[in-house]
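To keep things clear, I will list the structure first and then write my remarks on it.
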Amino acid sequence: MRHQSHYPTPRVELIPSLPRSGHFPRRRPTAMKPPSRLIIAALVVATSLLVPSLLRSPLPPLPCLPAVTAPSGTGYQPSGLAALADAAVYYATTPTVPQQTHDEISLALAVLRRRAPVRLLVFGLGHDSPLWHALNPGGVTVFLEEDPEWHRAVCSASPFLRSHLVSYHTRLDQADLLFDNYRRVPSCVPGAGADDEPAVQGNDACPLALHDLPPEVYEHEWDVLMLDAPKGYFAAAPGRMAAIWTAAAMARARRGEGDTDVFLHDVDRKVEKMYAEEFLCDRFRVGGAGRLWHFSIPPVSRRDNTTAAGGGERPFC
């Protein structure tokens, strides 16, 4: 057994070896040197040159509040503002929503923004009726509805709407027969009767003419027509055949400025699509969204070419 010394073995400080990864040990951060007097002097000079230039270029003024010109207590003027307010409250507090989608409504809204105030004729009453009334401030909006109970319910909830209860003389299950035979009835075809254009009012010889609507419908030309009725989803329903033909006849006979904007809903269905292509015409279709088509129909007096005496594959086009 080896003898052990009673004195401690002196420690030898060795330089630590580099790790195998080759990374050097971190250095302690060194304090930054204060900027030299030369740098401080340069900053002072730059600031002295910049500030006067800013003072010579004043900042743009803040926008002022718009002036309130109407006296207090005037209320919502014109009346269109009141209609918009009523519609906003109605849709904010009711669980029911319009039948059309946001994109479909936006399509018609773009036209109303551009043309309002207009004469707007809407086929059908619905949850969106207060909306169409409000989106035509200063204009005239008239609704046509065929269901007596529904007409009573909507008018009771929205008595400010201008609406008429009307009747239709067609059935959806007659759509193909009416389509195939309308050219044989002179009063249904442009140029085939005594007048160049088929009449609507009093034209009971044409089964597609809505000949007995309220007088005010015929007394005015309509700038925009929205065809979202009558019902067209079961055999005994009236279908929209007569509404589409009537809209086309009204647009052709227009005498005022501008074209007639026609919106047709539910074009995913066979009858609506077939009658739209025949009477409202593909070449006048200017847009669409979802199940809504938009037509801008010029009157015959401003068309480049017209069909003669009911000839042509599609005499309305």
Side-chain angles (χ1 to χ4, degrees), residues 107-108 111 121 123 168-201 203-211 213 218 221-230 232 238-256 258-317:
L107 192 68
V111 172
L121 183 63
F123 287 75
Y168 292 85
H169 310 290
T170 57
R171 287 172 51 106
L172 184 65
D173 54 10
Q174 301 170 342
D176 289 336
L177 182 64
L178 291 169
F179 186 87
D180 294 337
N181 292 281
Y182 86 90
R183 294 181 183 86
R184 302 174 185 176
V185 182
S187 61
C188 288
V189 183
D195 298 325
D196 291 337
E197 295 302 316
V200 179
Q201 185 180 16
N203 187 5
D204 55 355
C206 177
L208 289 173
L210 294 177
H211 58 84
L213 295 175
Y218 308 115
E221 291 186 341
W222 300 94
D223 306 303
V224 182
L225 295 96
M226 175 67 70
L227 309 182
D228 207 359
R240 295 183 190 166
M241 301 84 69
I244 294 172
W245 185 96
T246 297
M250 287 181 171
R252 288 178 61 91
R254 181 181 179 89
R255 298 183 181 275
D259 298 343
T260 304
D261 287 288
V262 179
F263 295 91
L264 174 63
H265 201 219
D266 299 314
V267 294
D268 57 317
R269 301 192 301 214
K270 173 190 172 182
V271 170
E272 279 79 357
K273 183 178 180 181
M274 178 173 65
Y275 273 72
E277 292 173 345
E278 180 73 16
F279 298 108
L280 302 179
C281 310
D282 289 332
R283 70 186 181 116
F284 300 136
R285 180 151 58 97
V286 294
R291 297 180 295 133
L292 186 74
W293 277 355
H294 173 206
F295 299 84
S296 182
I297 304 178
V300 170
S301 60
R302 292 201 304 270
R303 295 187 187 182
D304 295 335
N305 59 326
T306 58
T307 54
E313 183 180 355
R314 290 178 176 173
F316 273 77
C317 302

TODO: Output the distance between atom CZ (Arg303) and atom SG (Cys317), rounded to the nearest 0.5 Å.
DONE: 7.5 Å
Open item on the list: How long is the straight-line distance from CG of Leu225 back to CZ of Phe295, given to the nearest 0.5 Å?
Closed with: 12.5 Å
Open item on the list: Walk me through whether Leu227 and Glu272 qualify under side-chain contact (heavy atoms from CB on, under 4.5 Å).
Closed with: CA-CA 10 Å; Leu227 309 182; Glu272 279 79 357; over 6 Å; no
- [ ] Kindly give the heavy-atom pair with the smallest separation between Leu210 and Ala243, and that separation in Å.
- [x] CD1-CA, 4.0 Å
Task: 4.5 Å side-chain heavy-atom contact, Asp176 and Val271 - done: no
TODO: Could you tell me which non-hydrogen atom of Pro315 sits nearest to which non-hydrogen atom of Glu313, and how far apart they are?
DONE: CD-O, 3.7 Å
Task: Centroid separation Phe279 to Tyr182 less than 6.0 Å - done: yes
Task: Test item: Arg314 side-chain N/O and Glu277 main-chain N/O as donor-acceptor pair under 3.5 Å - done: yes
Open item on the list: Return the CD to CG distance between Gln201 and Leu213, rounded to the nearest 0.5 Å.
Closed with: 9.0 Å
TODO: Without swapping roles, check the side chain of Arg285 against the backbone of Trp293 for a donor-acceptor pair under 3.5 Å.
DONE: no
Open item on the list: Both conditions, 6.0 Å and 45 degrees, for the charged tip of Arg240 above the ring of Tyr275: are they met here?
Closed with: no
Task: Shortest non-hydrogen contact between Gly239 and Pro230, atoms and distance - done: O-CG, 3.0 Å
TODO: Kindly determine whether Arg291 and His265 satisfy side-chain contact (heavy atoms from CB on, under 4.5 Å), including the steps that lead there.
DONE: CA-CA 6 Å; Arg291 297 180 295 133; His265 201 219; 3.6 Å; yes
Open item on the list: Looking at Asp223 and Arg254, is there a salt bridge between them, counting it only when a charged N and a carboxylate O are closer than 4.0 Å?
Closed with: yes
Open item on the list: Nearest 0.5 angstrom please: Trp245 CH2 to Asn203 CG, how far?
Closed with: 5.0 Å
Open item on the list: Which heavy atom of Met241 sits nearest to which heavy atom of Pro238, and what is that distance?
Closed with: CE-O, 3.4 Å
Open item on the list: If the test is side chain to side chain contact (heavy atoms under 4.5 Å, CB included), which one of Val262, Asp261, Asp259 qualifies with Ile297?
Closed with: Val262
- [ ] Give a yes or no on whether Arg255 atom CZ has more than 12 heavy-atom contacts from other residues, nucleotides or ligands under 6.0 Å away.
- [x] no
Open item on the list: Could you report the tightest heavy-atom contact between Thr260 and Trp222, atom names first, then the distance?
Closed with: CG2-O, 3.6 Å
Task: Rounded distance (nearest 0.5 Å) linking atom CZ of Phe123 with atom CD1 of Ile244 - done: 10.0 Å
- [ ] Heavy atoms only: give me the nearest Leu107-Gly287 pair and the separation to one decimal.
- [x] CD2-C, 4.4 Å
Task: Distance in Å, Lys273 NZ paired with Glu278 CD, rounded so as to fall on 0.5 Å steps - done: 14.0 Å
